[in-house]
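Whatever order the structure lists ligands and atoms in, that order sets their numbers, starting from 1. All residue numbers in this chain count up from 1 along the given sequence.
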Amino acid sequence: MTLCLVAGVVGGCKGAPPAVDAQASKQDRPGEGRERRMPALEGPPGSVAVGVNGAVSSAELHASRVGLAVLERGGNAVDAAVAVGFALSVTHPSAGNIGGGGFMIVREASGRARAIDYREVAPAGATRDMYLDEEGTPTQDSRVGARAAGIPGDVAGFALAHTKYGTMAWSELVAPSVRLAREGWPLDQFHADDLARAAGRMHKLGFHDSAKVFEQDDGTSYEPGDVWRQPDLADTLQVIATRGPRAFYEGPLATALVTGVRQLGGLWTEADLRAYTAIERDPVDFEYHGHRIITMPPPSAGGVVLRQILAGSDHLEMSTHAWQSSAMVHLYVETLRRTYADRNELIGDPAFVDVPMEELLSTAYVANRLASVDPNRATPSSEVGAGLPLPAESPQTTHFSVVDGAGNAVSNTYTLNGGFGAKLVVPGTGVILNNEMDDFTAKPGTPNMFGLVQGPQNAIEPGKRMLSSMTPTIVEKDGRLRAIVGSPGGPTITTTVAQIILQIIDYDRTLPAAVSSARIHHQWLPDKVRVERRTPAALRESLRGLGHTVEEVRWGAGNIGHANCIEVDPATGGFRAVADTSRDGGGAVAF
Ligand code: DON
């Protein structure tokens with residue numbers, strides 16, 4: 001019997017969505033019958049699901065259910081993650097994707113952990129100043145339109161994870177997404193609104209053919225409950241399912257992608273697609289207050305920044321102050337100010353630039369950087385630069401977490417960068433183009449879409465991976481899985497992950513409490529403490545009293561991040577999947 005432990009903002013526990021076989025045959029379940037289930041605990045309605053055999057938390061319930069069905073059929077966490085990754089490209093199109101890229105941390109039940117880098121790369125035709133006009137001013141081309149798109153890595157990344165760690169047939173993992181795209185799925189309020197907004201923006205930009213994908217044949221918007229079908233995307237996914245992952249990179253589908261992108265003014269060539277490779281890397285792996293933290297190395301800055309924040313927490317003894325007291329937040333912000341200065345100046349794609357990893361990850365280096373922190377006064381960011389000399393020379397992303405009954409775990413964050421990426425769909429393919437090129441430094445000293453002021457380490461070069469903040473992370477305690485954590489949110493990703501980890505490790509909070517807690521962010525420049533709508537006025541005032549400029553975020557309806565995470569009860573080994581439904585919806589499932 002399938003236990004009805006599905007939580008989410010759509011559908012509740014009303015059974016499987018039309019296109020997905022949630023009643024698929026089950027194999028023996030190692031935990032069945034054992035009393036190791038966690039209490040579901042508090043949290044916004046529909047945000048928490050508990051189980052003992054496996055769990056998935058993602059931004060969209062149909063996609064989470066696809067992952068659960070794979071686990072129920074006996075697939076492992078990597079099988080389920082691949083299936084969820086494809087499903088979100090259908091059911092969460094602002095960020096779930098096959099036309100973008102991302103990062104995955106895989107932790108096997110044995111504790112062995114690897115990082116999979118499937119970040120986009122700059123096309124061979126890209127040049128350092130390609131987004132500057134004649135006066136040297138950055139243009140919008142890095143954000144909107146086909147020139148904004150890097151060469152996508154998703155399909156190659158999922159294939160690498162599947163080849164190394166998966167157990168089920170590739171076609172079986174893509175098939176549920178083909179069905180979801182072809183037969184459609186009923187839109188909830190969030191996604192109906194999201195599609196209408198996207199179509200409106202695309203029309204305004206003159207991208208009428210792309211807009212049509214997101215509206216009814218008569219040009220009106222979909223309403224909640226309407227079934228949304230994507231026949232072009234279904235055909236594309238079918239090719240990937242039957243011919244295998246290389247079909248995205250060479251052959252008729254690749255030719256169609258390149259032809260479409262070039263017609264829209266982009267730079268892709270068939271050689272660019274053919275050359276794309278995902279890379280397996282050693283994760284950033286360190287100890288914090290008795291826990292092992294496994295997270296992403298460059299070309300994401302996420303792991304380095306997370307390490308520096310946690311080393312700062314230890315050095316400045318942040319946890320001796322109450323959670324989000326002004327004293328605690330002040331020390332936290334002063335740490336962020338310094339670590340983001342390093343992030344923006346010193347980190348880039350390690351295949352192209354030297355990244356001083358040893359120093360950046362060292363406790364002594366972080367302590368030295370924090371020596372200038374005044375416990376009673378904000379240090380202006382204008383007085384803070386990177387700690388080392390340079391070596392010579394509305395965003396949308398989505399995070400999901402998966403665990404299986406054996407304890408294999410996947411933490412995956414992937415993205416088109418902005419919501420609906422470059423706001424273009426490659427004609428006839430259903431593939432939404434990313435606008436990841438904006439993550440490069442278009443011009444040193446000039447802010448990008450996220451206000452990040454970055455340096456020459458992250459300059460555009462053909463074949464180079466743009467610097468990221470994505471921070472898929474796995475936490476272990478005493479050699480056992482403890483939590484799977486991650487979020488979207490551009491530069492706020494790493495601070496969101498850090499705040500959740502600090503709460504569960506240092507403040508003994510449950511995951512639902514840690515996920516729903518208000519978030520705070522600083523990134524060196526602009527010199528502002530960003531707070532959520534729900535951040536108490538008293539805290540904002542105390543921070544202002546210490547000399548900080550405090551600003552409520554204007555993106556995402558006053559929210560920071562969307563952390564769909566899972567924790568494991570150290571006492572019983574039971575799973576608690578937590579979707580961040582107090583922000584932008586989500587689906588937590590478990591069995
Ligand atoms: O890689 C990065 O850091 C960005 N492209 C992530 C963008 C993002 O998270 C937008 N989401 N809300």
Side-chain angles (χ1 to χ4, degrees), residues 58-59 88 92-97 99-104 115 117-122 142-144 148-154 157 190 194 197-198 295-306 340 343-344 347-349 394-400 412-423 432-442 447-454 458 460 464-473 485-497 519 521 523 530 532 553-564 580 583-586:
S58 86
L88 285 168
H92 191 58
S94 63
N97 67 88
F103 301 104
M104 180 187 286
D117 163 3
Y118 58 98
R119 182 68 159 166
E120 301 93 325
V121 301
S142 65
R143 300 177 192 180
V144 169
I151 305 302
D154 308 287
F190 174 82
D194 211 27
R197 255 192 317 268
T295 185
M296 201 65 213
S300 179
V304 171
V305 171
L306 181 62
Y340 273 80
R343 177 214 180 276
N344 295 357
I347 309 178
D349 181 348
S394 165
Q396 264 301 353
T397 298
T398 191
H399 176 82
F400 59 86
N412 188 92
T413 316
Y414 72 150
T415 188
L416 292 165
N417 196 25
F420 295 86
K423 317 288 183 280
I432 303 172
L433 285 179
N434 69 80
N435 60 348
E436 218 72 61
M437 293 294 284
D438 191 63
D439 278 350
F440 277 120
T441 308
N448 76 352
M449 184 163 84
F450 296 106
L452 285 170
V453 179
Q454 308 184 102
N458 187 31
I460 304 171
K464 188 176 177 184
R465 285 159 147 84
M466 55 296 280
L467 185 60
S468 172
S469 298
M470 288 187 271
T471 316
T473 298
V485 184
S487 177
T492 70
I493 291 173
T494 320
T495 52
T496 293
V497 169
R519 296 182 186 133
H521 176 72
Q523 59 185 43
R530 258 61 176 269
E532 285 190 298
V553 294
R554 274 181 248 124
W555 63 78
N559 293 325
I560 295 177
H562 190 220
N564 300 306
D580 200 350
R583 294 181 174 84
D584 283 336

Does Thr471 reach the main-chain N or O of Gly303 with its side chain, forming a donor-acceptor pair under 3.5 Å?
->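 Such a contact is absent between Thr471 side chain and Gly303 backbone.
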Indicate yes or no for a side-chain donor-acceptor contact from Asn564 to the backbone of Asp580 under 3.5 Å, with no hydrogens or angles considered.
->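 Yes; judged by distance alone, with no hydrogens or angles, the pair exists.
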Location of contacts on Met466 toward ligand 1, heavy atoms closer than 4.0 Å |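 Looking at Met466 and ligand 1, no heavy atom falls under 4.0 Å.
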N/O to N/O below 3.5 Å, does that happen between Gly490 and ligand 1?
->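 N/O-N/O distance under 3.5 Å: yes.
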Nitrogen or oxygen atoms of Gly489 and ligand 1 under 3.5 Å apart =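 Between Gly489 and ligand 1, an N or O pair is found under 3.5 Å apart.
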Validation row: Leu467, Gln454 side chains within 4.5 angstrom (heavy atoms) =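 SC-SC contact between Leu467 and Gln454 confirmed.
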Evaluate the side-chain proximity of Asp194 to Phe420: yes if any heavy-atom separation is below 4.5 Å, no if none is.
->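 When only atoms from C-beta onward are counted, Asp194 and Phe420 do touch, with a gap below 4.5 Å.
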Closest by any non-hydrogen atom to [atom]: pick that one out of [options].
atom                    : options                        : result
atom 1 (O) of ligand 1  : Gly302, Ser468, Ser300, Gly150 : Ser468
atom 5 (N) of ligand 1  : Asn435, Asp439, Thr415, Asn434 : Asp439
atom 10 (C) of ligand 1 : Thr492, Thr397, Asn559, Ile493 : Thr397

Interfacing atoms of ligand 1 (cut-off 4.0 Å, heavy-atom, Phe450) |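 Answer, ordered by atom number: 7 (C), 8 (C), 10 (C).
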With a cut-off of 4.0 Å, which atoms of ligand 1 are near a heavy atom of Ser469?
->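 This gives 1 (O), 2 (C), 3 (O) as the contact atoms.
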Examine ligand 1 and decide if any of its atoms is less than 4.0 Å from a heavy atom belonging to Arg119.
->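 Yes.
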Let me know which of Asp439, Asp154, Asp349 forms a salt bridge (charged side-chain N to carboxylate O under 4.0 Å, His left out) with Arg119.
->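 Among Asp439, Asp154, Asp349, the one meeting salt bridge (charged side-chain N to carboxylate O under 4.0 Å, His left out) with Arg119 is Asp439.
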How are the rings of His521 and Tyr340 set to each other: parallel, tilted or perpendicular (split at 30° and 60°)?
->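 Taking Tyr340 first and then His521, their aromatic rings stand perpendicular (interplane angle over 60°).
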Between Asn434 and Tyr414: side-chain donor-acceptor atoms closer than 3.5 Å =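 On atom types as modelled, these side chains do not qualify, holding no pair under 3.5 Å.
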